[in-house]
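Shown next, in structure tokens, is the structure this report addresses.
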Amino acid sequence: QRTPTTRTASRAKYLHVLERSLARHFPDFNVEGVRNAMDLEHSFGPAYARGSLVRGSKAWAVIGVGEGEAQPTIDGVLTLGLLWLSHCRENEAVRRHYEGLKVIVPSGTGAVTRVRMAWLNPALAHWELYEMDERDEELVALDLGDHGNVDVHLVHAFNPKTTLARSRASIDKVLGLVPEADRNRVEVRPRSAVETAFLLHGLEFARVVNAVAKDSFVRTDEITFGAGANETPLTEENEALFTELVGRLFEERKAGGNRQNPLYRLQPERWLESALRQELLDIEPGIQADFVYTQVPAFAAGDRGMLDLLSVDRAGRLVVLELKADEDLHLPLQGLDYWLRVRKLQREGLAVFSKHGYFRGVPLADVPPLLHFVAPALRIHPSNQEVLRYFSPEVEWTLIALDEHWRQRRRVVFRKRSSDGQVS
């Protein structure tokens, strides 16, 4: 944790380190305009140093991030780099031709950026990635061609019907404590082979876990309510409290509710996911509704990534859906991360999915997955489409914008596809 003063000083020092390193490693170029000033209009923040390498009428956009920054900030450098390249090309088009983008990250931190850069379109720009040790100011170029060595494994899918059957008595008990008029609003969702969650518009309010009882070999159900440190086992003594809390939750968390209420505003992406999971065919008619997996664990290099939704279309092509209920500058590259994991699993053999319990009986097509981004139209960050246009043609994406009143109804306002670049 750095104080604001220390952070500012560290970033100012990094600017000088970066300038010296660029001048030494690229002696045929002039280093120009290296800065990290805040520019909210173009989404540039002080964590990223940006500038240009210039030789006559040719130039490169350069962006770097110092070793004092957190890893998520370092991983976000490519988004800002793409925006910086676009900004340079737009504002310097008359004087200079920007050939491409050089990205500089601290030593040992470039794995995520390396994989992402390998899937950018080489026809639109040249892409180079370097790691820098700030102590000796040395730059080491990373090879972007070797992007297949991402260690990914898929967690086995469980049978949700078995989970529900095992804990049926406990499930009925929880539902019996919910007001009768609201029971049809409860989503009873198995989380694993031994755990079932109760959700209201994506917000979990209770769960049943089937586990071995203390000092016994007998398996039994434990019902809890609340979340985190406030998770509490349900007993006869606190049933009235549970009923009271559930009644308050159902009163506040509903379409058309009070937007200022915390229960209404909590976990909007889970609310969006819950709504889309039940109405996905209305949003994307080509998807097979019987095969929609939510929060699919696909781990890569120790990162426990969770795909929002994974499905398959009628032609057997896998579909990765990334959902976002609020503005997110980094949405495109986050979606690309999940697309890459599914693509890597495909290359290990399509049988890996059925082996782990996914898409059984569905003949999968051996073609790259489709990538869908779904978000409310007014919550799509203005820069997202600019970043998406730099993706490799192999990454076929669709940006689906929903009506702002998506809690009441799910209506598509527009779609933008990588294939045609047009809004429909």
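The structure presented is a predicted model; accordingly, all values stated were derived computationally and were not measured. For this chain, numbers begin at 1 and follow the sequence in order.
- The aromatic rings of F44 and H87 sit perpendicular, their planes meeting at an angle over 60°, well past the 30° parallel limit.
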- Query: Hey, mind stepping through E204 and R207 against salt bridge (charged side-chain N to carboxylate O under 4.0 Å, His left out) and telling me if it holds?
  - Reply: CA-CA 8 Å; E204 180 178 318; R207 73 173 71 186; 2.9 Å; yes
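- Applying side chain to side chain contact (heavy atoms under 4.5 Å, CB included) to L234 and the options L241, V208, L177, T224 leaves one that passes, L177.
- Ring geometry for Y358 versus Y293: interplanar angle over 60°, hence perpendicular rather than tilted (30 to 60°).
- Each of L53, L15, I63 was scored for a side chain to side chain contact (heavy atoms under 4.5 Å, CB included) with V34, with one residue passing: L15.
- No more than 12 heavy atoms of other residues, nucleotides or ligands shown are found within 6.0 angstrom of CD on E180.
- Once rounded to the nearest 0.5 Å, the distance linking CD1 of I380 with CG of D326 reads 12.5 Å.
- The side chain to side chain contact (heavy atoms under 4.5 Å, CB included) test with F26 is passed by exactly one of V62, V31, L139: L139.
- Within the structure, side chain to side chain donor-acceptor pair (under 3.5 Å) pairs that include any residue of residues 104-113 do not occur (at least two apart or interchain).
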- Query: How far apart are the C-alpha atoms of E327 and R379, what are their side-chain angles, what is the distance that settles it, and do they pass the salt bridge (charged side-chain N to carboxylate O under 4.0 Å, His left out) test?
  - Reply: CA-CA 5 Å; E327 275 194 8; R379 296 294 186 270; over 6 Å; no
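- A side chain to side chain contact (heavy atoms under 4.5 Å, CB included) with R410 holds for exactly one of D282, L280, I283; it is I283.
- The cationic group of R407 lies under 6.0 Å from the six-membered ring centre of W271 and within 45° of the ring axis, placing it in a cation-pi geometry.
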- H42 and D39: side chain to side chain donor-acceptor pair (under 3.5 Å), yes or no, with the steps? CA-CA 6 Å; H42 300 99; D39 182 353; 2.9 Å; yes
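- Checked against a 6.0 Å centroid threshold, the rings of Y48 and Y14 do not count as neighbours.
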